[in-house]
Amino acid sequence: PPARFDIVTIFPEYLEPLRASLLGKASARGLVEIRVHNLREWTHDVHRTVDDAPYGGGPGMVMKPDVWGAALDDVCPGGALLVVPSPAGRPFSQATAQRWAKERHLVFACGRYEGIDQRVIDDAARRMRVEEVSIGDYVLIGGEVATMVMIESVARLRPGVLGNAHSHQDDSFSDGLLEGPSYTRPHSWRGLDVPEVLLSGDHMRVDRWRREQSLLRTAARRPELLESAELGPADHALLAE
Ligand SMILES: COC(=O)COc1cccc(COC(=O)c2cn[nH]c2)c1
C-alpha cells in the first residue's frame with residue numbers, strides 16, 4: 001500500500017517540486033501518494049483570512065486556530081501522524097526518517113508568519129500523534145521547504161522509490177559516520193589523480209581506506225558523531241594517530 005503524504009499550506013504551488021523527477025515517478029507508480037491542500041479552503045470569510053494579531057502583543061501575526069482546526073479535521077484521520085515543521089521543534093534526523101518511513105499516513109502542517117496558534121497542536125494531540133520538528137537551527141519563511149526536505153528523506157526509504165535497491169543501505173549516517181570522498185573516471189583530471197588504492201582492485205584495502213576516510217572526515221567536520229558511532233579498535237587506533 002502506498003505511503004500517503006498530505007500537506008496543508010497557503011502556498012500549494014510551493015510544493016510542485018514534489019511532482020517532479022524521482023518522487024513524481026514514485027507517485028505515478030503508486031508507491032507514494034502526495035496530496036496538497038490549500039488552507040484557505042477552510043477559511044470562513046470573504047477575504048479568506050488565515051492569520052490575526054498575537055495575544056500579548058509583539059511583532060508579526062499568528063495563524064488562526066479555527067481555520068487550522070477545520071482543515072485538520074478534514075485532512076487527518078485518527079491514525080495519521082501530524083508533523084509540524086518548526087524552528088522550535090525536536091531535531092529531524094535520519095533516525096526520524098527511518099521511523100516515519102514505516103508510517104502509512106503522514107500529514108504536514110505548514111506554518112507561516114510567527115506560527116500556528118498553540119491550541120491547534122494541543123487539540124490535534126487529543127486524537128493523533130503530533131510531532132513538532134526542526135530541520136535545522138535557522139528560520140524559514142514557512143514550513144513548505146522543510147516539508148519537502150522531510151518528505152524526500154522519508155519517501156526515498158520506501159521500497160522501490162530509489163532505482164538501485166542498495167543505494168540507501170550505505171547512506172551517510174547509516175553507520176553513524178559521514179561518507180568519505182567519491183571518484184569516477186577519468187583517473188587523472190586537471191592534474192588531480194584518484195587515490196591509487198581505489199584503482200588497486202584490492203577490496204579489503206579499498207574498504208579499509210574508505211572507513212579511514214569516513215572516520216577522518218567525521219573527526220574533522222562532526223566530532224560529536226564519533227561518540228555515538230560503533231568504533232572498533234582499528235578505528236580508535238587510526239583516530240589516535
Ligand atoms: C507550532 O509550530 C509552528 O507554529 C511553526 O510555525 C512556523 C513559523 C515560521 C516558519 C516555520 C517553518 O519552519 C522553519 O522555519 C524551520 C523548521 N526547521 N528549521 C526551521 C514554521
Side-chain angles (χ1 to χ4, degrees), residues 5-18 23 34-44 48-78 80-101 103 105-157 171-173 221-222 224-225:
F5 300 96
D6 280 289
I7 304 145
V8 183
T9 169
I10 58 172
F11 290 112
E13 67 280 4
Y14 221 85
L15 281 302
E16 278 308 301
L18 292 176
L23 279 190
I34 299 176
R35 305 193 324 184
V36 182
H37 309 271
N38 187 334
L39 180 68
R40 294 195 194 273
E41 285 171 26
W42 287 276
T43 52
H44 330 287
R48 309 183 83 191
T49 312
V50 295
D51 63 316
D52 197 347
Y55 275 115
M61 301 289 270
V62 176
M63 299 189 95
K64 294 166 61 61
D66 47 349
V67 176
W68 269 107
L72 295 181
D73 287 350
D74 286 354
V75 173
C76 300
L81 172 62
L82 177 63
V83 177
V84 186
S86 166
R90 296 175 190 275
F92 180 76
S93 67
Q94 189 66 14
T96 320
Q98 295 280 5
R99 178 162 58 85
W100 289 358
E103 293 285 338
H105 189 185
L106 293 169
V107 180
F108 291 83
C110 298
R112 293 228 149 209
Y113 310 104
E114 298 313 304
I116 304 171
D117 186 298
Q118 182 58 39
R119 291 168 293 179
V120 174
I121 312 297
D122 299 344
D123 173 64
R126 290 165 164 165
R127 62 187 175 86
M128 72 189 99
R129 292 162 298 147
V130 182
E131 296 191 30
E132 205 174 321
V133 178
S134 166
I135 62 165
D137 291 338
Y138 38 77
V139 184
L140 302 169
I141 299 173
E144 287 79 9
V145 171
T147 293
M148 283 194 278
V149 164
M150 294 190 276
I151 288 180
E152 180 169 315
S153 68
V154 171
R156 67 183 286 278
L157 297 175
D171 266 348
S172 252
F173 299 101
R221 298 180 182 177
R222 300 288 302 281
E224 78 281 5
L225 293 180

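These values consider heavy atoms only, across backbone and side chains, with no hydrogens, waters or symmetry-generated copies. Just so you know, ligand 1 is whichever comes first in the structure, and atom 1 is the first atom listed for that ligand. Everything quoted here is computed from the prediction, not taken from an experiment.
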Problem set entry | Sub-3.5 Å N/O-N/O distance, Gly136 and ligand 1 | yes
Problem set entry | Heavy-atom check, side chain of Cys110 versus side chain of Tyr14, under 4.5 Å | no
Exercise. Does Ile135, backbone or side chain, put an N or O under 3.5 Å from an N or O of ligand 1?
Worked result: yes
Seminar exercise, completed: Gly115 heavy atoms within 4.0 Å reach ligand 1 at atoms 4 (O), 6 (O), 8 (C)
Problem set entry | Pro77 side chain reached by His105 side chain, heavy atoms, under 4.5 Å | yes
Problem set entry | Residue, atom name and distance, where the atom is the protein heavy atom closest to atom 14 (C) of ligand 1 | Pro87 CD, 3.6 Å
Exercise. Quick one: which ligand 1 atoms are inside 4.0 Å of a heavy atom on Pro85?
Worked result: 5 (C), 13 (O), 21 (C)
For this session: Just jot down the ligand 1 atoms closer than 4.0 angstrom to any heavy atom of Glu132, in number order.
Result: 1 (C), 2 (O)
Problem set entry | Qualifying residue for side-chain contact (heavy atoms from CB on, under 4.5 Å) with Phe108, from Thr9, Val83, Asp6 | Val83
Exercise. Which atoms of ligand 1 are found less than 4.0 Å from any heavy atom of Ser134?
Worked result: 18 (N), 19 (N)
Exercise. Looking at side-chain heavy atoms only, is the closest gap between Leu18 and Ile7 below 4.5 Å?
Worked result: yes
Problem set entry | Sub-4.0 Å atoms of ligand 1 with respect to non-hydrogen atoms of Ile116 | 3 (C), 4 (O)
Exercise. Do Tyr113 and Val50 come within less than 4.5 Å of each other through their side chains, counting heavy atoms only?
Worked result: yes
Problem set entry | Sub-3.5 Å N/O-N/O distance, Leu140 and ligand 1 | yes
Exercise. When you measure from atom 2 (O) of ligand 1 to every protein heavy atom, which one gives the shortest distance, and what is it?
Worked result: Val84 CG1, 3.4 Å
For this session: Pull out every atom of ligand 1 sitting under 4.0 Å from any heavy atom of Tyr113, numbered as shown with elements.
Result: 8 (C), 9 (C)
Seminar exercise, completed: Numbered in order shown, the ligand 1 atoms found under 4.0 Å of a heavy atom of Tyr138 are 19 (N), 20 (C)
Exercise. Is the closest basic N to carboxylate O distance between Arg119 and Asp122 below 4.0 Å?
Worked result: no
Identify all side-chain donor-acceptor contacts of residues 58-69 below 3.5 Å with residues at least two apart in sequence or on another chain.
{"residue": "Asp66", "atom": "OD2", "partner": "His44", "partner atom": "NE2", "Å": "3.3"}

Exercise. Crowded around Glu103 CD? As in, over 12 foreign heavy atoms under 6.0 Å?
Worked result: yes
Problem set entry | Residues, nucleotides or ligands: over 12 heavy atoms within 6.0 Å of Arg99 CZ | yes
Exercise. Does at least one non-hydrogen atom of Phe92 fall below 4.0 angstrom from an atom of ligand 1?
Worked result: no
